[in-house]
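Working notes, structure below.
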Amino acid sequence: MTDILGYAKKGMMVNARELFDDMVERNVVSWTAMVAGYANSGDITSAKELFDEMPVRNSVTWTAMIAGYGKCGDVIKAVEVFDQIPACDHSAWAAMITCYGHNGYAREAIEMYKRMRKLNVKADEVSLVGLISACTQIGDVEMGNSIADQMEESSCNQSPVVSNALIHMHAKCGSIDGALNEFKNMFEKDVVSYSALITALADHGRANEALELFSRMQKDGVEPNQVTFVGVLNACSHAGLVHEGRKYFEMMTNIHGISPSTEHFACMVDILGRAGHIEEAYKLITDNVGIIDTGVNSSSRASQGLHRLREGGVWGALLGACRVHGNVELGEIAAKHLFEIEPENTGNYLLLASIYTSANRWDDAARMRKMMCEIGIQKSPGRSWVSNKD
DNA sequence: ATAGGGTTAG
């Protein structure tokens, strides 16, 4: 039994299933562990099969199914499950709020939260985090400001996860002071707290403070992760700190054993390129094209599209640098990749056109603008046909 | 015992 739970938790569903099939005395916990295991590994079909077969379900089972549909983006099915729950508890509400938020329905998530409170269901940490996350998405400061009271009431004002979500919300909604304040009042700051605030400071143009915070994080003995370093490198990029950028990149790989992801490469290309080290930036890409292409942190839910988008970030950074420094040769190479990766992004044509213009290559610049127009024309009639039909 | 949550994205 303990083995099944272990395998299911790790997503090793073939092993878990073997043991489960041989099991004599299954109970609601082993059934639910299987359902949740399938749902978490993205196999919602198998999860649903077992869910339908199982003789007894409990609130954990229902919640796992909602989250499973949420994870694969099927909000309709998640709502169906939610509506069928015989006795809906706070966890089911929390899963539904989260499901809406994660799929871009921030307003629905907030409405769901309000409905829950109207029925006197108590908010818990998870529903609060879902609410905060939704408020962050649409910049609902008013709702965000009411969260402090909710926290008192649900007695999770000391939850690090809730506080981390609040740091992010304040930062994204423009209140860096709010983020700093939330951070200051935390009892136990973890890697996410530091990473969120480092990123926030970097985004707000306060690179030195971001790097100071990184030093303090190390003094406090909190181990940085790959997200932390994206923030740190972003700070270097905004402040034009080439030497420091190189130093942190090496520190990340050599001391902390973190293999650089496409985001890290994009930051480095940006740092080097802005400073005029365009050849070096280009070499960084070509030397690591295997890593950048496949992505080292490819999670199971990372789609092909996501990778291509990320790869675009690297070439996009190079193209931007080529424009600043007027490098036609590498600008053409970067643009060529971008035209393939994201042909619909007209900004890339404009950037290359601008590079040509700076080099007095008017004909080439005109050719780019023409290509851009053709793409715009190809796109819009297609759209209006679709919308005219319904 | 089994579930749901926070930090990267130019």
Side-chain angles (χ1 to χ4, degrees), chain A residues 1-6 8-9 16 26-37 39-40 47 54 56-71 78 82 89-99 101-102 109 123-134 136 156 159-169 171-172 179 182-183 186 189-200 202-203 222 224-234 237-238 261-264 266-267 269-270 297 302 306 309-310 312-317 319-320 345 347 351:
Chain A
M1 175 68 170
T2 46
D3 291 336
I4 288 193
L5 304 189
K9 198 150 209 167
R26 299 170 183 168
N27 61 18
V28 66
V29 174
S30 50
W31 276 101
T32 301
M34 291 299 296
V35 169
N40 280 328
M54 62 194 290
V56 181
R57 306 177 185 105
N58 64 16
S59 74
V60 179
T61 328
W62 289 99
T63 304
M65 282 304 290
I66 294 173
Y69 280 121
K71 195 169 187 181
F82 182 83
D89 73 345
H90 63 104
S91 303
W93 282 95
M96 202 56 233
I97 291 166
T98 304
C99 167
H102 280 181
D124 65 0
E125 281 184 63
V126 180
S127 57
L128 268 177
V129 168
L131 173 72
I132 296 166
S133 168
T136 308
C156 45
S159 154
V161 180
V162 173
S163 294
N164 290 340
L166 283 172
I167 292 174
H168 183 221
M169 181 188 79
K172 285 283 176 196
E182 186 64 38
F183 181 85
M186 285 182 76
K189 305 162 176 71
D190 64 11
V191 59
V192 177
S193 328
Y194 280 98
S195 304
L197 194 57
I198 287 170
T199 303
D203 285 347
V222 178
N225 64 16
Q226 59 271 46
V227 179
T228 320
F229 278 102
V230 173
V232 168
L233 293 175
N234 258 324
S237 158
H238 291 326
S261 71
T262 301
E263 280 83 3
H264 300 118
C267 290
V269 169
D270 193 58
N297 57 347
L306 204 60
L309 204 73
R310 284 178 171 177
V314 179
W315 293 114
L319 183 61
N345 187 345
L351 273 171

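Every chain is numbered from 1 and lettered A, B, ... according to where its sequence line falls, protein lines coming before strand lines.
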Any donor-acceptor pair under 3.5 Å between the side chain of A:D124 and the base of B:dG5?
-> no

Ring pair (Phe, Tyr, Trp, His ring centres under 6.0 Å) partners for A:Y69, two or more places apart = none

Measuring from the side chain of [X] (C-beta onward, heavy atoms only), which nucleotide among [options] has the closest atom?
X     : options             : answer
A:H90 : B:dA1, B:dA9, B:dG4 : B:dG4
A:L5  : B:dG5, B:dA1, B:dT7 : B:dA1
A:A95 : B:dT2, B:dG4, B:dT7 : B:dG4

Atom OG1 in A:T32, atom CG in A:N58: separation rounded to 0.5 Å?
-> 4.5 Å

Rounded interatomic separation in angstrom, taking [atom1] from [X] and [atom2] from [N]:
X      : N     : atom1 : atom2 : result
A:M96  : B:dG5 : CE    : P     : 13 Å
A:Q226 : B:dA9 : CD    : P     : 13 Å
A:D203 : B:dT7 : CG    : C1'   : 12 Å

A:S237 meets the side-chain hydrogen bond (donor to acceptor under 3.5 Å, both in side chains) criterion, sequence neighbours left out, with A:D270

Counting just side-chain N and O atoms, does [X] come under 4.0 Å of either OP1 or OP2 of [N]?
X      : N      : result
A:K9   : B:dA3  : yes
A:N40  : B:dT2  : no
A:H238 : B:dG10 : no
A:N234 : B:dG10 : no

